[in-house]
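Here is the structure we will look at.
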Amino acid sequence: MKKPVCHKVASAMEIPADLSEKAALVELTGQNLLRVENYLGILEYSENCLLLQCKNCRLEVCGRNLLVEFYAKEELILRGQIEQVRYF
């Protein structure tokens, strides 16, 4: 199967595949801070659950006292007692 031109350019520029394909980038700092880049939208939000739509999956974060501290078009910061992160 032939690779699209954008994949060839990304490879030549040594850009990691996850960045060039807009995969969700998840950074978990301890048990209280989660940062997500490249999500498409918020599907559900409560103090116990956050459900995000990403390009190739859904991302669910469960815990207690969850608070979306910051969100923009492609970045989100969540604080609280994070107990579970699940992709499906």
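Atom set for the values below is all heavy atoms of this structure, side chains included, hydrogens, waters and symmetry mates excluded.
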Query raised in the report: Going through the distances and angles, do Phe88 and Leu51 end up as a side chain to side chain contact (heavy atoms under 4.5 Å, CB included)?
Result: CA-CA 11 Å; Phe88 61 98; Leu51 182 60; 3.7 Å; yes

Do any side-chain atoms of residues 39-46 form donor-acceptor pairs under 3.5 angstrom with protein atoms, and if so which ones, sequence neighbours left out?
residue : atom : partner : partner atom : Å
Tyr39   : OH   : Ala72   : O            : 2.7
Tyr45   : OH   : Val68   : N            : 2.9
Ser46   : OG   : Asn48   : N            : 3.2
Ser46   : OG   : Cys49   : N            : 3.2

Please set out all donor-acceptor pairs under 3.5 angstrom arising from side-chain atoms of residues 23-35, sequence neighbours excluded.
residue : atom : partner : partner atom : Å
Glu27   : OE1  : Arg35   : NH1          : 3.3
Gln31   : OE1  : Gln81   : NE2          : 3.4
Gln31   : NE2  : Ile82   : O            : 3.1
Arg35   : NE   : Glu75   : OE2          : 2.9
Arg35   : NH1  : Glu37   : OE2          : 2.9
Arg35   : NH2  : Glu37   : OE2          : 2.6
Arg35   : NH2  : Glu75   : OE2          : 3.4

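With sequence neighbours excluded, the residues satisfying side chain to side chain donor-acceptor pair (under 3.5 Å) with Arg86 are Glu60. Scanning for side chain to side chain donor-acceptor pair (under 3.5 Å) contacts around Glu47 gives an empty result, with sequence neighbours left out.
Using a 4.5 Å heavy-atom threshold, the side chains of Val36 and Val61 count as separate.
For the atom pair CD1 of Ile77 and CG of Leu67, the computed distance is 11.0 Å after rounding to the nearest 0.5 Å.
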